[in-house]
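This report concerns only the one structure given below.
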Amino acid sequence: MSGQPIRVIVVDDEPMVCAHLTTILGATPDIEAVDQAHDGAAAVEAVVRHKPDLVLMDLRMPGVDGIAAIERITMLRQPPCDRGADHLRRGSACAEGSAGGRGGSLLKSTPPEDLTELVRVAAN
């Protein structure tokens, strides 16, 4: 990402999970967690507000789940990703990035060093 930090929004219905992921990402100089959201509807609002490079999304949440939120985000005028959620399987979390619409799923048990590397891959 050409000298600019990768801007990430972290979405999970568990505030402690959001805080933990934000801490991990914030400890990496080339990644900036710009906001947190605790449901899919708030995630869409955060994307509109911050225009991140990537959204790290929990897929299973009450109310608007991650799959529905990703579908809504991809319909925005300038989404951080340019593919729909049709390529996703029901998993624990998803990373959606802007460059080339790369996306993927990861487990919440992913080691921190792998998480930051996956964020870099999804954003580039």
* Should the pair Asp30-Arg120 be classified as a salt bridge under the 4.0 Å nitrogen-to-oxygen rule? -> yes
* Structure fact -> Between Ala43 and Ala37, the two heavy atoms sitting closest are N-CB, 3.6 Å
* Structure fact -> Rounded to the nearest 0.5 Å, the CZ atom of Arg60 sits from the CG atom of Asp58 at a distance of 8.5 Å
* Say whether, by atom type as modelled, one donor and one acceptor occur between the side chain of Arg7 and the main chain of His50 under 3.5 angstrom. => yes
* Grab the two heavy atoms, one from Gly40 and one from Met61, that are nearest each other, plus how far apart they are. => N-CE, 3.7 Å
* **Minimum heavy-atom distance His38-Glu14, with the two atoms named** => ND1-C, 4.5 Å
* Do Pro112 and Ile24 have side chains that get closer than 4.5 Å, going by heavy atoms? -> yes
* Asked: With a 4.5 Å limit on heavy-atom distance, are the side chains of Leu25 and Thr116 in contact?
  -> yes
* Asked: Looking at Leu59, Val11, Val44, Val55, which one forms a side chain to side chain contact (heavy atoms under 4.5 Å, CB included) with Ile70?
  -> Leu59
* How about Pro62 and Asp39: do any of their side-chain heavy atoms sit closer than 4.5 Å? -> no
* Asked: Are Val64 and Met57 co-members of a hydrophobic cluster defined by side-chain heavy atoms under 4.5 Å apart?
  -> no
* If every non-hydrogen atom of Leu115 is compared with every non-hydrogen atom of Leu21, which pair is closest and at what distance? -> CD2-CD2, 3.6 Å
* **Shortest non-hydrogen contact between Cys18 and Gln36, atoms and distance** => CB-OE1, 3.2 Å
* **Ile9 CD1 to Asp35 CG distance, which is reported to the nearest 0.5 Å** => 5.5 Å
* Structure fact -> Interatomic distance, CG@Leu118 vs CD@Glu113, rounded to 0.5 Å, equals 10.5 Å
* To do: Could you tell me the separation between the CD1 atom of Ile67 and the CZ atom of Arg72, rounded to the nearest 0.5 Å?
  => 13.0 Å
* Which distance, rounded to the nearest 0.5 Å, do you find between the CD of Glu71 and the CG of Asp65? -> 8.0 Å
